[in-house]
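Everything below concerns the one structure shown next.
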Amino acid sequence: PKAGGQCPACGGPTLELESQRELLLHLAKRSILDKLHLSQRPTLNRPVSRAALRTALQRLHGVPQGALPEDNREQECEIISFAETGLSTINQTRLDFRFSSDRTAGDREVQQASLMFFVQLPSNTTWTLKVRVLVLGPHNTNLTLATQYLLEVDASGWHQLLLGPEAQAAYSQGHLTLELVPEGQVAQSSVSLGGTAHRPFVAARVRVGGKHRIHRR
Amino acid sequence: GIDCQEGSRMCCRQEFFVDFREIGWHDWIIQPEGYAMNFCIGQCPLHVAGMPGIAASFHTAVLNLLKANTAAGTAGGGSCCVPTARRPLSLLYYDRDSNIVKTDIPDMVVEACGCS
């Protein structure tokens, strides 16, 4: 309806079209941010290359359709966190994953988490890799070993390591550190880990908002 | 439900597409490029309260109530044009640590409108 007319729904004065559009766009933004439990839109401080994004998405397992939890307050999402390569030496690579959000750590529950990493190996080589899960100590000061996995890698390409409850708990708290320590005789110089389009990442399936429901029950 | 046409006055669904590039959100929302928010607008006179769209039996029930109430004085309250069917929106976006998040937001897209 034209400006100055009467609103057909509530009988109040109508907005002229441009203001109506502004109002609707504002409502749309608010609605998306509220449903994502964000107080404002994220500012991206560590842009991800399109190549790394494309590679990671090829590996993201879709949330099975219709898998919406029965209670709208619970929402399930898939998260891919690219590693920030922490302090690394020739003998070990440290990967830091951060996952903070406007929500408190208490109301997100990691259902499943896997480390995905890419390795370039010389042919006919088997490479033994120890993956150590480090978590912040009780006073959030230093990192302590929570658990570790031993992995035999015998081919170049992407490899997946399913992470256990210690890593899931650390990720739920917002900060997970993994240390990749090669074992055995293979010369480290002949092995390359990752690369721009092959950044290691953690793929996690997280349920948010569920804790409140369990807590309420 | 009914989609609004030019000059519709009765309760209907108004299409409204939000283009994420237009609102400057295309840098952090990877997919989709926008979403059809849609909204309900229009009048709901009492004789169409519970208007079908998807609630024919409810409509009959309300009419019977109205007859009964009219017989015993006027029926109070109004009927409003509200969403009667909505579907989720799948989003792929970056969070503030540049993690990629894929989630389905329930009840984000209004598919049909009707009278309460």
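Note: hydrogens, waters and symmetry copies are ignored here, and every other heavy atom, side chains too, is used. Naming convention: chains lettered A, B, ... in sequence-line order (proteins, then strands); numbering from 1 in each chain. Here the structure is a predicted model, which is why all the values come from computation and not from measurement.
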Nearest heavy-atom neighbours spanning G24(B) and R41(A): O-NH1, 3.0 Å
Which atoms of E6(B) approach chain A - backbone, side chain, both or neither, heavy atom under 4.5 Å: neither
side-chain contact (heavy atoms from CB on, under 4.5 Å) evaluation trace for F201(A) with I100(B): CA-CA 10 Å; F201(A) 62 90; I100(B) 301 169; over 6 Å; no
Pairs flagged by salt bridge (Lys or Arg N to Asp or Glu O under 4.0 Å) wherever residues 81-92 of chain B is involved - sequence neighbours left out: R87(B)-E111(B)
Over 12 foreign heavy atoms within 6.0 Å of CD, Q111(A): yes
Y94(B) versus chain A, the contacting section by heavy-atom distance below 4.5 Å: both
Listed partners of L23(A) passing side-chain contact (heavy atoms from CB on, under 4.5 Å), at least two apart: L15(A), L27(A)
Flag side-chain contact, heavy atom, 4.5 Å: D107(B) against K35(A): yes
Heavy atoms from other residues, nucleotides or ligands near CZ of R50(A) exceed 12 (cutoff 6.0 Å): no
Pairs of heavy atoms under 4.5 Å with chain A: top-ranked of L89(B), V18(B), I23(B), L91(B): I23(B)
Exceeds 12 heavy-atom contacts within 6.0 angstrom, atom NE2 of H26(B): yes
Partner chain A: residue of Y35(B), F16(B), F20(B), F39(B) with the largest heavy-atom pair count (under 4.5 Å): F16(B)
From S81(A) atom OG to D95(B) atom CG, the distance as rounded to the nearest 0.5 Å: 7.0 Å
Distance-minimising heavy-atom pair for F82(A) and N99(B): N-OD1, 4.2 Å
Spatial distance of atom CD (Q20(A)) from atom CD (Q14(B)) [nearest 0.5 Å]: 8.0 Å
Intermediate values then yes/no, side-chain contact (heavy atoms from CB on, under 4.5 Å), L57(A) and L92(B): CA-CA 10 Å; L57(A) 290 181; L92(B) 192 66; 3.7 Å; yes
Pairwise side-chain contact, Y93(B) with I32(A), heavy-atom cut-off 4.5 Å (strictly under): no
From M37(B) atom CE to L25(A) atom CG, the distance as rounded to the nearest 0.5 Å: 7.5 Å
